[in-house]
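Here is the structure we will look at.
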Amino acid sequence: MKQRIKQIQILIMLCILTAPVLLLAVKPTQVYPINENRVRKEFPAEWKQMFLKNGEYGKELSDYFDDQFQFRDFFIRTKGELEHRLFQVTGENGVYVGDDGYMYYKSVVEGQQIVNEQLLEDKVDEIVRTYESFFTDAKSLGIECMLMIPPQKNTIFPERAPKFHVERKNPNQYEKLMQKLLSSSVSDEVIDVVPPLRKAETEYPTYYKTDFHWNPYGATVAFTEVVNLLAKKEGIYGKIFDSSMYDIYYDPQPWGERGGGGQLDNLPILEKIKEDCAVCVKQKTEPTMLADAGQLPDAQIKHYKNTNTEVPFGKILFVGDSYTQFFLNANCGILDLFEEVWFVHVNRADGVLAQYAGQVDYMMVESIESSMASLQELLTRIQQ
């Protein structure tokens with residue numbers, strides 16, 4: 001009897017040890033794969049390495065098994081679903097999930113927005129004074145300057161964010177900064193995009209669900225305010241640009257399938273978010289603004305030149321991050337209103353004020369709300 005029990009125990013252990021390998025080879029089930037924004041490990045091709053003593057083959061084989069074993073995607077998705085349902089949190093790096101599948105990066109909320117809430121009033125006043133000085137310097141160089149601070153989506157629709165994770169003061173520090181800027185000596189050079197975005201949100205979604213950026217439609221709504229401000233500065237009256245000049249449509253593909261992939265890609269609920277609020281725009285006329293085919297220093301600097309010489313505005317430099325890049329790629333038609341367009345990413349913005357003096361007529365600085373605490377440092381770098 002004891003011998004039989006021992007044999008059964010050995011058989012069970014053998015099944016436990018060999019089942020994962022057999023399932024990996026047979027693959028009896030197919031699970032909707034998760035998007036991890038990386039290439040999974042392949043089976044090591046150099047089998048002769050197993051005879052070497054450096055252990056590399058064993059490590060590669062172990063990495064392959066960790067990536068490919070059966071039910072791996074199922075377990076990850078199940079973990080993500082439980083975290084979402086029970087704690088409104090998901091993702092390896094932490095994502096809060098609000099109403100209707102809207103996600104909020106934990107690192108942005110806790111690492112940036114909460115830091116912003118701790119800013120002292122004196123610091124907020126310093127940011128305003130720095131922009132006033134910045135505008136004066138730009139004016140002396142012949143450049144009309146503008147400032148845009150794009151809001152995070154929980155500023156546009158706070159009611160959709162999970163309250164116990166993303167609750168903020170009322171008014172929050174972003175709103176206080178905007179109030180101070182709009183009552184300062186440079187109020188006419190500050191673009192407040194919150195009202196137009198909130199209005200547009202009643203018609204179409206302006207932000208992605210599984211990503212923290214605004215979508216092409218939201219970017220177009222925001223940058224229409226740039227055109228409106230410049231028209232006012234140049235004394236241009238009448239319709240320069242509005243929504244009648246572009247078509248609005250939904251991109252039928254989920255965000256993850258386009259290669260970007262939000263943290264919610266690991267959740268089954270993503271399958272229910274068909275368009276992921278990917279509201280796109282397309283200008284109704286043939287584009288006249290062409291990207292510079294010449295050799296630029298790096299991918300964070302872009303140049304566009306208009307083939308049409310009869311345009312209302314001259315040359316403009318956009319200094320910003322991915323929010324400005326979403327606008328540049330939106331295909332809405334705003335770019336066609338300028339003679340030339342330059343874009344310099346904030347990472348490459350040191351000294352650009354002096355560098356582009358004499359080359360551009362306007363400069364618009366964009367710095368996202370979550371980076372508000374470092375806005376003063378950005379303006380200082382641009383002035384160097």
Side-chain angles (χ1 to χ4, degrees), residues 107-108 111-152 173-174 176-178 180-182 184-193 212-213 219 222-223 226 229-230 292 296-304 315-328 338 340-384:
S107 60
V108 171
Q112 294 176 307
Q113 285 187 318
I114 300 304
V115 171
N116 290 345
E117 293 303 314
Q118 297 169 353
L119 287 177
L120 300 176
E121 291 298 316
D122 289 348
K123 177 65 175 178
V124 177
D125 291 336
E126 282 182 20
I127 295 174
V128 175
R129 287 194 295 270
T130 300
Y131 180 57
E132 289 175 328
S133 172
F134 180 87
F135 175 79
T136 302
D137 285 356
K139 190 80 171 178
S140 69
L141 294 172
I143 300 175
E144 290 285 341
C145 192
M146 298 163 285
L147 175 67
M148 178 193 293
I149 308 178
Q152 302 284 175
Q173 287 294 72
Y174 168 76
K176 288 181 180 179
L177 173 61
M178 291 303 301
K180 287 179 179 289
L181 284 168
L182 292 171
S184 70
S185 63
V186 290
S187 58
D188 291 340
E189 282 67 46
V190 177
I191 302 172
D192 184 7
V193 296
F212 57 82
H213 290 98
F223 277 81
V226 176
L229 177 56
L230 287 178
D292 192 344
L296 295 175
D298 57 49
Q300 294 186 331
I301 298 177
K302 299 180 186 295
H303 180 224
Y304 305 84
K315 303 173 183 179
I316 188 169
L317 167 64
F318 291 105
V319 179
D321 59 15
S322 52
Y323 281 74
T324 300
Q325 290 175 309
F326 265 70
F327 154 68
L328 295 175
F338 294 92
E340 284 186 58
V341 172
W342 287 90
F343 167 75
V344 176
H345 194 277
V346 291
N347 294 338
R348 301 278 292 162
D350 293 13
V352 297
L353 183 59
Q355 180 183 346
Y356 284 85
Q359 296 187 57
V360 298
D361 305 297
Y362 320 104
M363 175 187 292
M364 199 217 72
V365 178
E366 171 262 305
S367 180
I368 184 65
E369 173 199 337
S370 56
S371 300
M372 191 179 83
S374 59
L375 175 56
Q376 184 180 11
E377 181 264 339
L378 171 62
L379 294 172
T380 302
R381 285 197 295 111
I382 296 174
Q383 281 181 285
Q384 288 177 352

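Position 1 is the first residue of the sequence, and the numbers go up from there.
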query = For the residue pair Phe326 and His213, does the interplanar ring angle fall in the parallel (under 30°), tilted (30 to 60°) or perpendicular (over 60°) class?
reply = parallel

request  = Please answer whether the main-chain N or O of Thr130 pairs with a side-chain N or O of Ser133 as donor and acceptor at a distance below 3.5 Å.
outcome  = no

ask   = Is there a donor-acceptor pair under 3.5 Å between the side chain of Asp321 and the backbone N or O of Val346?
value = no

request  = Mark yes or no for whether Gln384, through its side chain, and Asp350, through its backbone, hold a donor-acceptor pair below 3.5 Å.
outcome  = no

Asp125 side, atom CG; Leu177 side, atom CG - distance, nearest 0.5 Å = 9.5 Å

request  = Find out whether Phe327 and Val226 are in side-chain contact, i.e. whether some heavy atom of one side chain is under 4.5 Å from a heavy atom of the other.
outcome  = no

inquiry  = Strictly distance-based, threshold 3.5 Å: is any side-chain N or O of Gln173 a donor or acceptor partner for the main-chain N or O of Leu119?
reply    = yes

query = Tell me, do Lys302 and Phe318 make a side-chain contact under 4.5 Å, heavy atoms counted?
reply = no

query = Checking Tyr174 side chain against Asn116 main chain: does a donor-acceptor pair fall under 3.5 Å?
reply = no

request  = Can you spot which of Met363, His303, Lys315 makes a side chain to side chain contact (heavy atoms under 4.5 Å, CB included) with Trp342?
outcome  = His303

task = Quick one: pull up SG in Cys145 and CD1 in Ile382 and give me the separation to the nearest 0.5 Å.
result = 7.5 Å

Atom pair CD (Gln112) and OG (Ser371), whose distance is rounded to the nearest 0.5 Å = 5.0 Å

query = Between Phe338 and Leu230, is any pair of side-chain heavy atoms under 4.5 Å apart?
reply = yes

inquiry  = Parallel, tilted or perpendicular, judged at 30° and 60°: which one describes the rings of Tyr131 and Phe134?
reply    = parallel

query = Between the side chain of Glu366 and the main-chain N/O of Thr324, is any donor-acceptor distance below 3.5 Å?
reply = yes

inquiry  = Do Glu132 and Ser185 have side chains that approach each other closer than 4.5 Å (heavy atoms only, starting at C-beta)?
reply    = yes

ask   = Do Met178 and Val190 have side-chain heavy atoms sitting under 4.5 Å apart?
value = yes

inquiry  = Would you say that Leu328 contacts Tyr304 through its side chain, given a criterion of any heavy-atom pair below 4.5 Å between the two side chains?
reply    = yes

key: Validation row: Phe223, Tyr323 side chains within 4.5 angstrom (heavy atoms)   = no

ask   = Would you say Leu141 and Asp137 make side-chain contact, with heavy atoms under 4.5 Å?
value = no

